[in-house]
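No hydrogens, no waters, no symmetry mates; every other heavy atom, side chains included, goes into these values.
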Amino acid sequence: MSVQKSKIIVGVDEAGRGPVLGPMVMVALAVKEEDQKKLTWMGVKDSKMLSPEVREELFDRIREVVQDFRIEVIEPDAIDLSLTEAESNLNWLEADTSARMVSELDSHTIILDCPSPNLAAYKEYVTSRLSKAVKDKAELIVEHKADKNHIVVSAASVIAKVIRDRQVERLKKEIGIDFGSGYMSDPKTKEFLEKYYDQFPTLFRKKWRSFKDVEESKKQKKLGEF
């Protein structure tokens, strides 16, 4: 009598899509279908609903449950590049990265948190970029708020957020300045951008409107000095 193999569910999510500085981190986690309840028992939720301390605590516990994983840290220059090419944008960069990661994992179901308003187009695009083996075997589910509705995507969101937060803390130590979270809603980030926009070029996403606005206002001030 053959033993039935467990179904593998893969969840994909990102952290750091919106900030003006620092990387975006994308994570794909592969978990046995029956192990998803372990994630629920641990208290795994969408990372935005958890404190930094709880996320850090869950990080190691999630790792113990995961069968396989892929992580991609996408630096600001790669994000800028995706916005300069006519055939690309941030959604397609995310889709390409998702497809590449999940194509390396053996899964029965893949669940993506969709950044695009057009679910059907996003799903079609990702499907076109999957490896043949994965396309033939796995069901692809593309949803808005998948990080709230599917525990394996919630777990991916926690891992992505912890890695991004650690990267941000490392960058702060490297330059010796606390620039906050990297989001423009953070006064520390806003002040850092205005003071240092031209001194730390690798940190910033130069195609972001907030960066361009500061750059433009500084140029105008310099012209006014003549």
Taking a hydrophobic cluster as the set of Ile, Leu, Val, Met, Phe, Trp and Tyr residues connected by side-chain heavy atoms closer than 4.5 Å, whether directly or through intermediates, do [X] and [Y] fall within one such cluster?
X: Val153; Y: Ile8; answer: no
X: Ile110; Y: Met101; answer: yes
X: Val162; Y: Ile62; answer: yes
X: Ile9; Y: Val12; answer: no
X: Tyr183; Y: Met26; answer: no

Nearest-0.5 Å distance that lies between atom [atom1] in [X] and atom [atom2] in [Y]:
X: Ile159; Y: Arg63; atom1: CD1; atom2: CZ; result: 8.0 Å
X: Asn89; Y: Ile79; atom1: CG; atom2: CD1; result: 12.5 Å
X: Asp68; Y: Lys32; atom1: CG; atom2: NZ; result: 12.5 Å
X: Glu215; Y: Glu194; atom1: CD; atom2: CD; result: 13.5 Å
X: Glu34; Y: Lys7; atom1: CD; atom2: NZ; result: 11.5 Å
X: Leu112; Y: Glu14; atom1: CG; atom2: CD; result: 11.5 Å

Give a yes or no on whether a salt bridge exists between [X] and [Y], defined as a side-chain N under 4.0 angstrom from a carboxylate O.
X: Lys123; Y: Glu143; answer: no
X: Lys172; Y: Glu169; answer: yes
X: Asp77; Y: Lys206; answer: no
X: Asp186; Y: Lys190; answer: no
X: Glu94; Y: Arg17; answer: yes

Would you say the side chain of Phe179 lies within less than 4.5 Å of the side chain of Leu193, judging by non-hydrogen atoms?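 No - every pair of side-chain heavy atoms lies 4.5 Å or more apart.
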Considering only heavy atoms from C-beta outward, does the side chain of Pro23 approach that of Ile74 to under 4.5 Å?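 Side-chain contact under 4.5 Å: no.
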Mark yes or no for whether [X], through its side chain, and [Y], through its backbone, hold a donor-acceptor pair below 3.5 Å.
X: Thr189; Y: Gly182; answer: yes
X: Ser51; Y: Val54; answer: yes
X: Ser103; Y: Arg100; answer: no
X: Asp113; Y: Lys145; answer: yes
X: Trp208; Y: Asp80; answer: no
X: Lys148; Y: Asp46; answer: no
X: Arg205; Y: Pro19; answer: yes

Given the rule in the ring-ring contact (aromatic ring centres under 6.0 Å, His included) test, do Phe192 and Phe200 qualify, once you have shown the distances and angles that lead to the verdict? CA-CA 10 Å; Phe192 178 75; Phe200 300 103; 5.8 Å; yes
Please report the C-alpha distance between Met42 and Val65 in whole Å, then the side-chain angles of each, then the deciding distance to 0.1 Å, and finally whether the side-chain contact (heavy atoms from CB on, under 4.5 Å) criterion is met. CA-CA 11 Å; Met42 281 178 201; Val65 175; 3.2 Å; yes
Does the side chain of [X] come under 3.5 Å of the side chain of [Y] through a donor N or O and an acceptor N or O?
X: Gln167; Y: Arg170; result: yes
X: Asp147; Y: Ser154; result: no
X: Tyr125; Y: Asp96; result: yes
X: His108; Y: Glu33; result: no

For Leu93 versus Ala78, what's the shortest heavy-atom pair and its separation?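 Looking at all heavy atoms of both residues, the closest pair is CD2-O, 4.3 Å.
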Trace of the side-chain contact (heavy atoms from CB on, under 4.5 Å) decision for Phe69 with Leu105: CA-CA 7 Å; Phe69 66 92; Leu105 299 170; 5.9 Å; no
For the pair Leu203 and Ile175, evaluate side-chain contact (heavy atoms from CB on, under 4.5 Å) and give the outcome as yes or no after the intermediate values. CA-CA 10 Å; Leu203 285 186; Ile175 66 171; 3.9 Å; yes
For a side chain to side chain contact (heavy atoms under 4.5 Å, CB included) with Ile111, tell me which candidate from Asn149, Leu140, Asp13, Ile141 qualifies.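 Of the listed options, the one satisfying the test is Ile141.
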I'd like to check the ring pair (Phe, Tyr, Trp, His ring centres under 6.0 Å) partners of Phe211; sequence neighbours left out, ordered by chain and number.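 For Phe211, the residues satisfying ring pair (Phe, Tyr, Trp, His ring centres under 6.0 Å) (neighbours in sequence not counted) are Phe204.
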Could you go through the salt bridge (charged side-chain N to carboxylate O under 4.0 Å, His left out) check for Glu64 and Lys38 one step at a time? CA-CA 10 Å; Glu64 290 168 14; Lys38 291 182 184 174; over 6 Å; no
Check whether more than 12 heavy atoms from other residues, nucleotides or ligands sit under 6.0 Å from atom CD of Glu124, and answer yes or no.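 Atom CD in Glu124 is not crowded, with 12 or fewer foreign heavy atoms closer than 6.0 Å.
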Intermediate values then yes/no, side-chain contact (heavy atoms from CB on, under 4.5 Å), Val25 and Ile71: CA-CA 7 Å; Val25 177; Ile71 294 165; 4.3 Å; yes
